[in-house]
Trainee: 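Take this structure first; my questions come after.
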Amino acid sequence: MKIYLEKIISECILKLGYPAKTIQIEIPKDNKFGDFTTNTAMLLAKELKSHPRNIAQQITENLEYDKDLINKIEIAGAGFINFYISDNYYFRELSKILSLKNDYGKSEINTGKTANLEWVSANPTKPLHAGHGRQICLGKAIANLLEWSGYKLTREYYYNDAGNQMRILGMSVHARYEQIFNPNFPFPEDGYQGDYIKDIAEKIYSIHGDKYRNCENIDYFITTGEEYNFQSIRNTLEKLNIKHDIFFNESSLYENGAIEKLMSDFKSKKLSYLKDGAVWLKSIGEHEHEKDKVIQKATGEYTYRLPDMAYHIAKLNRNYDLIMDIFGADHVDTYREVLHGIGMLGYDISKIKVIIHQMVVFKTGKEKVKMSGRYGTFYSLDDLLEDIGKDATQFFFIMRGANSQLEFDIELAKEQSDKNPVYYLQYAHARICGILRHAGEVIPEIDKLLETSVDFKILNDKYELELLKQLTKFPDEVESASLTYEPHKIITYLNKTAECFHVFYRNNKVIIPSNINLTLARLKLCLSVKQVLKNGFNIIGISAPERMERTEE
RNA sequence: GCGCCUGUAGCUCAGCAGGAUAGAGCAACAGCCUUCUAAGCUGUGGGUCAGUGGUUCGAAUCCACUCAGGCGUGCCA
């Protein structure tokens, strides 16, 4: 509908010889201002040096529109043009929801384009902790949004199985292994403290006994640790139904010479220089005020920046239309450096979009939960999933915008009560399922009747129409959320939708055996609410329960 | 010090490509189950949108500065 209004207004402006403007169509907060509104006349007023209301007058008088869809057009306030949409339009949309089913809300703005989303990308040095959850759930939802907007999407996981961190992992496992024989064996100062390291060591012991004692080479401990941790990470992701298409290994960038080439490119373009035995990358242009960064250490090893740059070049070479990364706020500088580095070499970095999310503070009621993985205690993502379930986990991680710091109240998320906002949405879905079950009991031939067409004009009560209007906003909401990569908008929308449904439910009985036509129309309305809720749930990743019952009072 | 993010109701947060009386949930208070699930609905109270200036017909939204919090500012990733 928005698109239709944009079209007729711009045609009208053209006809009147007014300068072209991008037409902004909005849904007013208050429905007394109609179903849609535009401020076009106010935007034109300045250039035409005329009163907004006069311009609005001109536009409305010359507008050509389908009178079956638009009931009334009014000028209001300072020069808003308000459109009152005919119920017929909404009834058409209702049929559309029922026929498109799981596809209702999908948009084609990015059809034919490809995108790559890289996220999670934790190195296999430890299990995923609860804090990772934000990025994981956010990424899952954004991935869905990208697909809903038409992209053909590749989900990617980048990891590093070489380098310093993995060596520390190997040394940690090795020390725990030796401690099985000699409790006094020294543990490396910067080693990984978690109990999972002991588990890995014990696993090695149970299979190989003392075969690896006094071993000079820790490679075996590294690879075993890596395999163990990766298995753990993948298990956790699987619980959340996340499947990456590509696991991209940093070491492949060394093997195919990409790193070497990058080094020599920087050198030949005089973007890098040698100082104190290390190779430094210059900060130029808008980054001039920043410190130059080391890309190759005096030891000859490369810092993380270089492979990261090579990796992004590799992705650019795969010709995606959109390359997207998700990082926590602790990595802001890293991605800037990466983009700056490859930008200096002339790569088109405009295709790369980076989402930064702020950090999470976990709380149980008022108490802050310490997340330090460094010294032992460690709240893992598995623990969180175990404690509060995967629906609540995903909902809580997604419900806030990525830019705000997230306060995650584990007590609240755990609570199986009306305080918990997840249930508000799911309950609406379960309630509809309850109605449908009941319909089958009262009217045995209901399935057959539902296949026949119904005149929706019978839906003329204000709660019915409000609910219906809310449903038809879904495609716009999905499109808007996918353009800004903000899945929390879907939650905001679903909340409103659930509210409309609950209000409708409170005021209207659906199953009225004495009035079969009204029953059918309302049942179809319920079916479409169910469909929209389910589609929204699919995007944010939560389940659509058929029933919800409290186990205890 | 510098860079990025944030500051909206008692609490947690929406709203921010400028638009009509600033919203939700929780908390508080008062109501609603002989009705398809009360994990629901209805109502009341609660705000100098951190502050100050600026741009504009119009600012929570844009700009500048100030104050407060988070993250970063490693030859760690």
Trainee: Just the rounded figure in Å: distance from C1' of C41(B) to CD of Glu466(A).
Mentor: 14 Å
Trainee: Nearest of U35(B), C36(B), G70(B) to any side-chain atom of Gln358(A)?
Mentor: G70(B)
Trainee: Taking only side-chain N and O atoms of Tyr335(A), does any of them lie within less than 4.0 angstrom of OP1 or OP2 on G3(B)?
Mentor: no
Trainee: For a quick check of understanding: with a heavy-atom distance under 4.0 Å over all strands, which category does Asn508(A) fall into, base, sugar-phosphate or nothing?
Mentor: base
Trainee: Examine G74(B): is either OP1 or OP2 under 4.0 Å from a nitrogen or oxygen in the side chain of Tyr304(A)? Give yes or no.
Mentor: no
Trainee: Val503(A) near the nucleic acid: base, sugar-phosphate alone, or nothing, with a heavy-atom cut-off under 4.0 Å?
Mentor: sugar-phosphate
Trainee: Could a donor-acceptor pair under 3.5 angstrom be found where the side chain of Thr37(A) meets the base of A20(B)?
Mentor: yes
Trainee: Determine, for Asp325(A) against Lys315(A), whether the closest basic-nitrogen to carboxylate-oxygen distance falls under 4.0 angstrom.
Mentor: yes
Trainee: Between Lys293(A) and Pro421(A), who's closer to the 5' end of RNA chain B by nearest nucleotide?
Mentor: Pro421(A)
Trainee: From U37(B), A20(B), U42(B), pick the nucleotide closest to the side chain of Arg437(A)?
Mentor: U37(B)
Trainee: What does A22(B) pair with, Watson-Crick or G-U, if both distances are under 3.5 Å?
Mentor: none
Trainee: Between U6(B) and Asn403(A), is there an OP1 or OP2 to side-chain N/O distance shorter than 4.0 Å?
Mentor: yes
Trainee: For Phe80(A) and A20(B), say yes or no: do the ring centres fall under 5.5 Å of each other while the ring planes differ by less than 30°?
Mentor: yes
Trainee: Using the ring of each side chain (for Trp, its six-membered ring), is Tyr311(A) parallel, tilted or perpendicular to Tyr158(A), with breaks at 30° and 60°?
Mentor: parallel
Trainee: Once you measure the plane-to-plane angle for Tyr159(A) and Tyr157(A), does it fall in the parallel (<30°), tilted (30-60°) or perpendicular (>60°) bin?
Mentor: perpendicular
Trainee: Using atom C1' of each nucleotide, how far apart are U34(B) and A30(B) to the nearest Å?
Mentor: 24 Å
Trainee: Nearest of G72(B), A77(B), G40(B) to any side-chain atom of Asp330(A)?
Mentor: G72(B)
Trainee: Identify the nucleotide, in any strand shown, that forms a Watson-Crick or G-U wobble pair with C76(B), with both distances under 3.5 Å; if there is none, say none.
Mentor: none
Trainee: Mind checking Asp409(A) for me? I need base, sugar-phosphate or nothing, with any heavy atom below 4.0 Å counting as a touch.
Mentor: nothing
Trainee: Report yes if at least one side-chain N or O of Lys419(A) is closer than 4.0 Å to OP1 or OP2 of A39(B); otherwise report no.
Mentor: no
Trainee: Just compare U12(B), C5(B), G19(B) and give me whichever is closest to any side-chain atom of Asn39(A).
Mentor: G19(B)
Trainee: Who is the Watson-Crick or G-U wobble partner of U44(B), with both distances under 3.5 Å?
Mentor: A28(B)
Trainee: Looking at C76(B), I'd like to know if its phosphate oxygens (OP1 or OP2) sit under 4.0 Å from a side-chain N or O belonging to Lys297(A).
Mentor: yes
Trainee: Under 6.0 Å from the six-membered ring centre of Tyr505(A) and within 45° of its axis: does the NZ or CZ of Arg431(A) meet both?
Mentor: yes
Trainee: Taking 4.0 Å as the cut-off, does a side-chain nitrogen or oxygen of His502(A) come that near to OP1 or OP2 on U37(B)?
Mentor: no
Trainee: So what does Lys29(A) hit on the nucleic acid, given a heavy-atom distance under 4.0 Å: a base, only sugar-phosphate, or nothing?
Mentor: sugar-phosphate
Trainee: When the distance from CG of Asn82(A) to C1' of G19(B) is rounded to whole Å, what number comes out?
Mentor: 12 Å
Trainee: Can you name the nearest heavy-atom pair linking Leu145(A) to Ala481(A), along with the distance?
Mentor: CD1-O, 3.7 Å
Trainee: Rounding to an integer number of Å, can you tell me how far Glu486(A) CD sits from C16(B) C1'?
Mentor: 10 Å
Trainee: Hey, does the side chain of Arg53(A) reach the backbone of Gly77(A) with a donor-acceptor pair shorter than 3.5 angstrom?
Mentor: yes
Trainee: Where the side chain of Arg336(A) is defined as all heavy atoms beyond and including C-beta, which of C4(B), U73(B), G19(B) is the nearest nucleotide?
Mentor: C4(B)
Trainee: Measuring from the side chain of Ser404(A) (C-beta onward, heavy atoms only), which nucleotide among G40(B), G19(B), C13(B) has the closest atom?
Mentor: C13(B)
Trainee: Given that Ala439(A) and Leu43(A) both sit by RNA chain B, which one's nearest nucleotide is further toward the 5' end?
Mentor: Leu43(A)
Trainee: Looking at the side chain of Lys291(A), which of U21(B), U73(B), C36(B) is the nearest nucleotide?
Mentor: U73(B)
Trainee: Given G70(B), U37(B), A14(B), which nucleotide is nearest the side-chain atoms of Gln405(A)?
Mentor: G70(B)
Trainee: Lys32(A) has a side chain; which of C36(B), U21(B), A14(B) sits nearest to it?
Mentor: U21(B)
Trainee: Considering only G19(B), C75(B), U73(B), which nucleotide approaches the side chain of Ala278(A) most closely?
Mentor: C75(B)
Trainee: Would C33(B) be called syn or anti here, given the cut-off of 90° from 0?
Mentor: syn
Trainee: When the distance from CD1 of Ile356(A) to P of C5(B) is rounded to whole Å, what number comes out?
Mentor: 10 Å
Trainee: Report yes if a donor N or O on one partner sits less than 3.5 Å from an acceptor N or O on the other, where the partners are the side chain of His488(A) and the base of A14(B); otherwise report no.
Mentor: no
Trainee: What is the ring orientation for Phe397(A) with Phe362(A), classed by angle as parallel under 30°, tilted 30 to 60°, or perpendicular over 60°?
Mentor: perpendicular
